[in-house]
A.B. asks: 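Take a look at this one; I'll ask things after.
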Amino acid sequence: MRIIPYKTLVVILGPTGIGKTSLSIEIAQELNTEIISCDSRQMYRELRIGTAVPEPFQLSQVKHHFIGNLSIHDYYNASEFEVQALQQLEQLFKHHQYAIMTGGSGLYIDALVKGIDELPAIDSTVRHDLKTRLQTDGLEALQQDLFKIDPDYYQTVDLKNPKRILKALEVFYMTGKPYSSFRTNESKHRPFKILQIGLAMDRQELYHRINQRVDQMVEAGLVEEARPLFPYNHLNSLNTVGYKELFGYFAHEYDLDEAIGLIKRNSRHYAKRQITYWNRNKDIEWFHPSEKIKILDYIKSGLRT
RNA sequence: GGUGCCAUAGCUCAGUCGGUAGAGCAAUGGACUGAAAAUCCAUGUGUCCUUGGUUCGAUUCCGAGUGGCACCA
């Protein structure tokens, strides 16, 4: 018998196309609560069909947060999500025993579950200057810069990944302190219980679902949704599967059939990367998306079996 | 029915002047604490269609068979 009802955050995660949305809604209804979406692309209100945002009737069944709350022109990151999602949770837990967080953005989920280290905001000119230096002087030059200012991080970073190097240099130029000095490697404490539920299925089955869903998106008007966004194709928010491939079609680099094929392939690759990302997380309890009853039992038992 | 061409990785094909083979794509594995649907790294054994012959040795040359494509009847 449980005496004190702990507030519990139920995280429902899984690769793209596996069926998180409908299952999350059913579970939210069972638990009489709301959903915090954790999807870095569904936040952009201009992206709906291509990011498989819940249908209007679904949104009317259960209240969702963090869907369509940004414009493609906005800058956003995992740390901002951590802060805002925590605030939202605090509100939710005033009136609910449970909260649901669902989505496929692993870094964002981790930012909320484990926390993310505090870093300074990066000035856009600093970012721009470093990008320019990457283009003119090359990656090796930036690697050497990093070696001089942050030898510790130089030892552990993926030196071939420009984004990692740029991030570390940005932080140094903003603060004069090495990036590694900001990394605590510690999980933050959360004032609620967290259950992480992963959805998984046979790879072939998942890929089949993904391919089918892309066809459905095209039928639903994905091309028409993407076309007016083409002038903004340089924005990070539009470096998104389902849109970037259509931009190539709009630019006459290939035909529509090829664009659709590329969307399917890149969605499969994305799903694979998501699965790899969560594989090392031992706190996740895995279920097939059809196992709703088992999942609810697991949530209500409140145990990590 | 006749003639010609083709048959090699899941797909499209390259190649071996005879010493058992390699590209692109697909696929697979991995990394990842502020751009994360992003970014980065790694992985190529396959009856070289089947079967006889020549040869020390055949996926490679020759014959036959099977299948495909093209043209002629």
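Here is how names work: the chains are called A, B, and so on, in the same order as the sequence lines, proteins then strands, and each is numbered from 1.
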A.B. asks: Let me know the distance between CG of A:Leu107 and C1' of B:C32, rounded to the nearest Å.
C.D. replies: 8 Å
A.B. asks: Check every strand shown and say whether A:Gln204 touches a base, only sugar-phosphate, or nothing at a heavy-atom separation below 4.0 Å.
C.D. replies: nothing
A.B. asks: Using modelled atom types and a 3.5 Å cut-off, is there a donor and acceptor pairing between side-chain atoms of A:Lys188 and backbone atoms of A:Ile116?
C.D. replies: yes
A.B. asks: Counting the atoms with a prime plus P, OP1 and OP2 as sugar-phosphate, which does A:Gly104 contact under 4.0 Å by heavy atoms, base, sugar-phosphate, or nothing?
C.D. replies: sugar-phosphate
A.B. asks: Ignoring backbone atoms, test whether A:Asn279 places a side-chain nitrogen or oxygen under 4.0 Å from the OP1 or OP2 oxygen of B:G29.
C.D. replies: no
A.B. asks: Atom CD of A:Gln274 to atom P of B:C40: distance rounded to whole Å?
C.D. replies: 18 Å
A.B. asks: Does the side chain of A:Arg127 get closer than 4.0 angstrom to OP1 or OP2 of B:A35 through an N or O atom?
C.D. replies: yes
A.B. asks: Keeping A:Arg190 on the side-chain end and A:Leu112 on the backbone end, is there a donor-acceptor pair under 3.5 Å?
C.D. replies: yes
A.B. asks: What interatomic distance, in whole Å, is found between P of B:A58 and the corresponding atom of B:U50?
C.D. replies: 14 Å
A.B. asks: Could A:Lys114 and A:Glu186 be called an ion pair, given the rule that one side-chain N must be under 4.0 Å from one carboxylate O?
C.D. replies: no
A.B. asks: Mind checking whether A:Ile36 and A:Ile100 have side chains closer than 4.5 Å, heavy atoms only?
C.D. replies: no
A.B. asks: Think A:His269 has a side-chain N or O under 4.0 angstrom from the OP1 or OP2 of B:U28?
C.D. replies: no
A.B. asks: Taking only the side-chain nitrogens and oxygens of A:Tyr76, find out if one of them lies under 4.0 Å from OP1 or OP2 of B:A36.
C.D. replies: no
A.B. asks: Reading RNA chain B 5' to 3', how would its secondary structure be written in dot-bracket notation, given Watson-Crick and G-U pairs with both distances under 3.5 Å, brackets [ ] for crossing pairs and | for partners on other strands?
C.D. replies: (((((((..((((.....[..)))).(((((.......))))).....(((((..]....)))))))))))).
A.B. asks: Find the distance A:Glu170:CD to B:U33:C1' and express it as a whole number of Å.
C.D. replies: 14 Å
A.B. asks: Counting heavy atoms from C-beta on, name the nucleotide in B:A36, B:A27, B:C40 closest to the side chain of A:Asp158.
C.D. replies: B:C40
A.B. asks: Within this structure, what is the CD1-to-P distance between A:Ile275 and B:A36, rounded to whole angstrom?
C.D. replies: 20 Å
A.B. asks: With a 4.0 Å cut-off on heavy atoms, is A:Glu245 in touch with a base, just the backbone sugar-phosphate, or nothing at all?
C.D. replies: nothing
A.B. asks: I need the CZ-P distance between A:Phe172 and B:G34, as an integer number of Å.
C.D. replies: 18 Å
A.B. asks: With a 3.5 Å cut-off and just heavy-atom distances, do the side chain of A:Asp117 and the base of B:U33 make a donor-acceptor pair?
C.D. replies: yes
A.B. asks: Taking the minimum atom-to-atom distance to the side chain of A:Arg273, which one of B:U33, B:C41, B:A31 wins?
C.D. replies: B:A31
A.B. asks: Ignoring backbone atoms, test whether A:Arg268 places a side-chain nitrogen or oxygen under 4.0 Å from the OP1 or OP2 oxygen of B:A27.
C.D. replies: yes
A.B. asks: Expressed as a whole number of Å, how far does the P atom of B:C48 sit from that of B:C11?
C.D. replies: 15 Å
A.B. asks: Verify the distance criterion only: is there a donor paired with an acceptor across the side chains of A:Tyr243 and A:Glu225 at less than 3.5 Å?
C.D. replies: yes
A.B. asks: Ion pair present between A:Arg227 and A:Glu224, side-chain N to carboxylate O less than 4.0 angstrom?
C.D. replies: no
A.B. asks: Once you measure the plane-to-plane angle for A:Tyr108 and A:Tyr76, does it fall in the parallel (<30°), tilted (30-60°) or perpendicular (>60°) bin?
C.D. replies: tilted
A.B. asks: When you compare B:U66 with B:U51, how far apart are their C1' atoms, in angstrom units rounded to a whole number?
C.D. replies: 10 Å
A.B. asks: Between A:Thr276 and B:G30, does any side-chain N or O lie under 4.0 Å from OP1 or OP2?
C.D. replies: yes
A.B. asks: Centroid separation under 6.0 Å, is that true for the rings of A:Phe287 and A:Tyr298?
C.D. replies: yes
A.B. asks: It should be established whether A:Arg280 places a side-chain nitrogen or oxygen under 4.0 Å from OP1 or OP2 of nucleotide B:G30.
C.D. replies: no
A.B. asks: With RNA chain B as reference, determine whether A:Gly50 or A:Ala78 sits nearer its 5' end, using the nearest nucleotide of each.
C.D. replies: A:Ala78
A.B. asks: With heavy-atom distances below 4.5 Å as the criterion, would you say the side chains of A:Tyr277 and A:Asp110 are in contact?
C.D. replies: yes
A.B. asks: Identify whether any heavy atom of A:Ser105 sits under 4.0 Å from a base atom; if not, whether one sits that close to sugar-phosphate; answer base, sugar-phosphate or nothing.
C.D. replies: sugar-phosphate
A.B. asks: What is the nucleic acid contact for A:Asp110, judged by heavy atoms within less than 4.0 Å: base, sugar-phosphate only, or nothing?
C.D. replies: nothing
A.B. asks: With respect to the phosphate group of B:G30, does any side-chain polar atom (N or O) of A:Lys272 fall under 4.0 Å of OP1 or OP2?
C.D. replies: yes
A.B. asks: NA contact type, A:Tyr179, heavy-atom cut-off 4.0 Å: base, sugar-phosphate, or nothing?
C.D. replies: sugar-phosphate
A.B. asks: Is the phosphate of B:U39 approached by A:Tyr277 (side-chain N or O, under 4.0 Å from OP1 or OP2)?
C.D. replies: no
A.B. asks: With rounding to whole Å, what would you report as the distance between B:U54 and B:C17 at their P atoms?
C.D. replies: 23 Å
A.B. asks: Considering only atom P, compute the distance from B:U12 to B:U8 and round it to an integer number of Å.
C.D. replies: 8 Å
A.B. asks: Given A:Ile263, which of A:Lys244, A:Glu258, A:Glu245 fulfils the side-chain contact (heavy atoms from CB on, under 4.5 Å) condition?
C.D. replies: A:Glu245
A.B. asks: Closer to the 5' end of RNA chain B via nearest nucleotide, is it A:Lys244 or A:Lys131?
C.D. replies: A:Lys131
A.B. asks: Respond yes when some side-chain nitrogen or oxygen of A:Lys167 is under 4.0 Å from OP1 or OP2 of B:A35, and no when none is.
C.D. replies: yes
A.B. asks: Using a cut-off of strictly less than 4.0 Å, decide whether A:Asn77 has a side-chain nitrogen or oxygen near OP1 or OP2 of B:U33.
C.D. replies: no
A.B. asks: Using the C1' atom as the reference point in each nucleotide, state the distance between B:G22 and B:A14 in Å, no decimals.
C.D. replies: 8 Å
A.B. asks: Where the side chain of A:Glu291 meets the backbone of A:His288, is there a donor-acceptor pair that is under 3.5 Å apart?
C.D. replies: yes
A.B. asks: How far does the P atom of B:C32 sit from the matching atom of B:A26, given to the nearest Å?
C.D. replies: 25 Å
A.B. asks: Apply side-chain contact (heavy atoms from CB on, under 4.5 Å) to A:Ile72 and A:Leu47, showing your working.
C.D. replies: CA-CA 8 Å; A:Ile72 53 169; A:Leu47 315 183; 4.3 Å; yes
A.B. asks: Closest to the A:Arg265 side chain: B:A31, B:U33, B:A26?
C.D. replies: B:A26
A.B. asks: To the nearest angstrom, how far is A:Gln143 atom CD from B:C40 atom C1'?
C.D. replies: 12 Å
A.B. asks: Expressed as a whole number of Å, how far does the P atom of B:C56 sit from that of B:C49?
C.D. replies: 25 Å
A.B. asks: Tell me what A:Leu166 touches on the nucleic acid: a base, only sugar-phosphate, or nothing, going by heavy atoms under 4.0 Å.
C.D. replies: base
A.B. asks: Less than 4.0 angstrom between a side-chain N/O of A:Tyr75 and OP1 or OP2 of B:A35, yes or no?
C.D. replies: yes
A.B. asks: A:Arg41 side chain N/O closer than 4.0 Å to the phosphate oxygens (OP1, OP2) of B:A35?
C.D. replies: no
A.B. asks: Could you state the atom-to-atom distance from CG of A:Asn185 to C1' of B:C32 in whole Å?
C.D. replies: 13 Å
A.B. asks: Measure CG/A:Leu70 against P/B:G34 and give the value in whole Å, please.
C.D. replies: 18 Å
A.B. asks: Need one value for A:Tyr207: base, sugar-phosphate or nothing, where a base atom within 4.0 Å counts as base even if backbone is also close, heavy atoms only.
C.D. replies: sugar-phosphate
A.B. asks: Using O4'-C1'-N9-C4 for purines and O4'-C1'-N1-C2 for pyrimidines, with syn meaning within 90° of 0, is B:G68 syn or anti?
C.D. replies: anti
A.B. asks: Under 4.0 Å, counting only non-hydrogen atoms across every strand here, what does A:Thr51 touch: a base, just sugar-phosphate, or nothing?
C.D. replies: base
A.B. asks: Out of B:A36, B:U39, B:G34, which has the shortest distance to the side chain of A:Ser79?
C.D. replies: B:G34
